[in-house]
Participant: 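A single structure is presented below for examination.
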2 protein chains.
Amino acid sequence: MAEGTPFEIPVPNGGKTSRTAPKLDRLLSASAALMSARGFSQTSIRDVAAETGLSLGGMYYYFKNKEDLLFLIQEKTFGSLLEIQEKTITEGGSAEERLQRLVKNHLAYFISHFNELKVCTFELDSLKGERYEKIAQLRRRYFLCMARVVGEMLGVPVDQVEEHGKIRQRTLFIFGMLNWVFMWYVPEKDDSVENLGSEMVDMVMNGLKGGNE
Amino acid sequence: MAEGTPFEIPVPNGGKTSRTAPKLDRLLSASAALMSARGFSQTSIRDVAAETGLSLGGMYYYFKNKEDLLFLIQEKTFGSLLEIQEKTITEGGSAEERLQRLVKNHLAYFISHFNELKVCTFELDSLKGERYEKIAQLRRRYFLCMARVVGEMLGVPVDQVEEHGKIRQRTLFIFGMLNWVFMWYVPEKDDSVENLGSEMVDMVMNGLKGGNE
DNA sequence: TAGTCTATCGAACGTTAGTTCGAAAGATGA
DNA sequence: TCATCTTTCGAACTAACGTTCGATAGACTA
């Protein structure tokens with residue numbers, strides 16, 4: 001439990017070499033694909049090894065243990081999305097416009113990083129202790145990012161947004177719509193994500209009956 | 001895989017005796033509590049045995065195997081909810097009123113059967129083959145139940161609802177809001193479900209800014 | 001009372017999975 | 001060439017889990 005450097009990134013030489021980093025990337029990507037399809041606990045390291053062509057023992061050169069592998073995926077993926085979104089709300093436009101951009105960015109990221117984001121969305125509870133806390137912290141920042149804009153639209157001062165029950169609820173309703181897409185989206189059957197984004201924004205803004213698209 | 005009677009309900013004498021059925025109920029309830037908290041695959045039959053005070057081997061008197069246990073929970077719980085909802089849409093009122101009732105019923109069921117419904121919501125993919133199909137069928141009926149009313153609100157004929165892309169999306173947005181509540185609802189922190197239902201209905205009907213509550 | 005059905009137990013088996021470890025091959029640089 | 005560092009491997013260990021099975025005690029019945 002208590003270790004020296006619990007979260008050191010296993011890229012040798014602190015990432016100086018440019019050969020090993022892409023290999024880790026491919027490893028994380030293959031792991032995310034497996035975990036996205038079967039779930040974290042049903043994905044064995046032997047599965048990942050077979051998928052990447054490496055040996056079972058060789059896996060542990062890249063991560064400390066299975067939970068660490070999950071953490072690496074989540075930190076990288078969610079950190080990257082969060083960076084995009086926190087930047088987005090600093091750019092100009094009305095609250096409505098910024099909320100629209102947040103939703104559409106999320107869905108764009110959903111398409112380009114489906115497996116990784118699905119793992120982030122559904123496997124937080126598979127982390128424990130310090131690793132859990134680190135990712136939970138990213139989630140809190142993402143929530144606040146969205147809640148701030150929602151609060152602005154409803155005329156709630158920024159510093160009150162966090163404890164404001166109604167803002168909390170409405171923000172979580174939006175996250176519900178966004179995150180549940182993983183459960184039903186089929187590229188062949190459903191429209192493009194652009195269209196999906198427009199539809200969701202319309203419903204968020206104007207309700208079920210929609211506005212005037 | 002191919003067995004004689006794959007889905008026989010393990011109540012002896014076809015449920016004639018009134019002693020064993022409540023015992024099975026308690027078993028399913030305890031299982032649902034464990035699976036709701038840790039997930040299906042992380043819940044061992046040894047856990048369930050310990051929770052109910054029975055022995056490991058004794059479990060198999062009540063279900064055929066672990067997947068069967070999950071199936072029994074889902075069939076009972078989701079079947080019961082579906083019955084409520086299909087009845088609800090036959091009762092009178094405008095489409096708006098019926099949609100409101102559907103949402104509020106779902107949330108009421110969410111509160112009274114939290115563990116069981118959470119298992120239904122997140123563990124469909126843990127079933128396979130025939131058992132998967134049976135529960136998926138219930139889900140399809142539930143979807144159609146909701147989609148019909150949504151379609152009615154948007155002026156789409158009942159027989160076209162199923163392939164109507166927009167109806168499909170908006171209905172799934174609503175399910176997203178409803179199902180995601182499992183991920184954040186804390187009785188101490190959040191309002192009563194009644195209030196939660198009103199807020200959700202308001203957002204569904206009028207959008208983020210809401211109507212005139 | 002003998003026999004059958006209900007309900008439960010404990011032990012055991014086989015499999016799978018996470019993790020460790022020492023060896024070794026390849027690359028790098030003095 | 002030699003020493004060091006990076007990367008990979010195969011074997012092994014241990015824990016946990018799903019499932020099976022024969023035994024058994026109690027209840028009900030003929």
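Order of the sequence lines sets the chain letters (A, B, ...), proteins ahead of strands, with each chain counted from 1. Everything numeric in this text was worked out from a predicted model, so none of it was measured. Atom set for the values below is all heavy atoms of this structure, side chains included, hydrogens, waters and symmetry mates excluded.
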Participant: Would you mind checking if B:R170 and A:E199 are paired as a salt bridge, meaning a charged N to carboxylate O distance below 4.0 Å?
Facilitator: yes
Participant: Expressed in angstrom and rounded to an integer, what is the separation of B:E67 atom CD from D:dG18 atom P?
Facilitator: 13 Å
Participant: Using atom CG of A:L24 as one end and atom C1' of D:dT8 as the other, report the distance to the nearest whole Å.
Facilitator: 16 Å
Participant: CE/A:M183 to OG1/B:T121 distance, rounded to the nearest 0.5 angstrom?
Facilitator: 8.5 Å
Participant: Out of D:dG18, D:dC9, C:dT8, which has the shortest distance to the side chain of B:Y62?
Facilitator: C:dT8
Participant: B:W180 vs A:F122 aromatic rings, parallel, tilted or perpendicular, using cut-offs 30° and 60°?
Facilitator: perpendicular
Participant: With 3.5 Å as the limit, what N/O pairs link the protein to nucleotides 10-14 of chain C?
Facilitator:
none

Participant: What is the distance from CG of A:N65 to P of C:dT19, rounded to the nearest Å?
Facilitator: 5 Å
Participant: Atom CE of B:M59 and atom P of D:dC17: how far apart are they, to the nearest Å?
Facilitator: 15 Å
Participant: Does B:S41 reach a base, just sugar-phosphate, or nothing at all? Heavy atoms under 4.0 Å.
Facilitator: nothing
Participant: Under 4.0 Å between a Lys/Arg side-chain N and an Asp/Glu carboxylate O for A:E86 and A:R141?
Facilitator: yes
Participant: Would you please confirm or rule out a distance under 4.0 Å between OP1 or OP2 of C:dT8 and any side-chain N or O of B:Y61?
Facilitator: no
Participant: Tell me every residue that passes side-chain hydrogen bond (donor to acceptor under 3.5 Å, both in side chains) with B:S44, counting only those two or more places apart in sequence or in another chain.
Facilitator: B:D47
Participant: Rounded to whole Å, how long is the line connecting atom CG of A:D68 with atom P of C:dG18?
Facilitator: 14 Å
Participant: Using atom NZ of A:K66 as one end and atom P of D:dA16 as the other, report the distance to the nearest whole Å.
Facilitator: 15 Å
Participant: Distance only, no hydrogens: is a donor on one side chain within 3.5 Å (strictly under) of an acceptor on the other, for A:Y109 and A:S80?
Facilitator: yes
Participant: Distance check needed: C:dA27 C1' versus A:K23 NZ, whole Å only.
Facilitator: 12 Å
Participant: Look at all strands and tell whether B:T52 reaches a base, only sugar-phosphate, or nothing, counting heavy atoms closer than 4.0 Å.
Facilitator: nothing
Participant: Does the pair B:K76/B:D25 count as a salt bridge with the N-to-O cut at 4.0 Å?
Facilitator: yes
Participant: Send over the distance from A:R38 CZ to C:dT16 P, rounded to a whole Å.
Facilitator: 14 Å
Participant: Among C:dA7, D:dG18, C:dT19, which nucleotide has an atom closest to any side-chain atom of A:Y60?
Facilitator: C:dT19
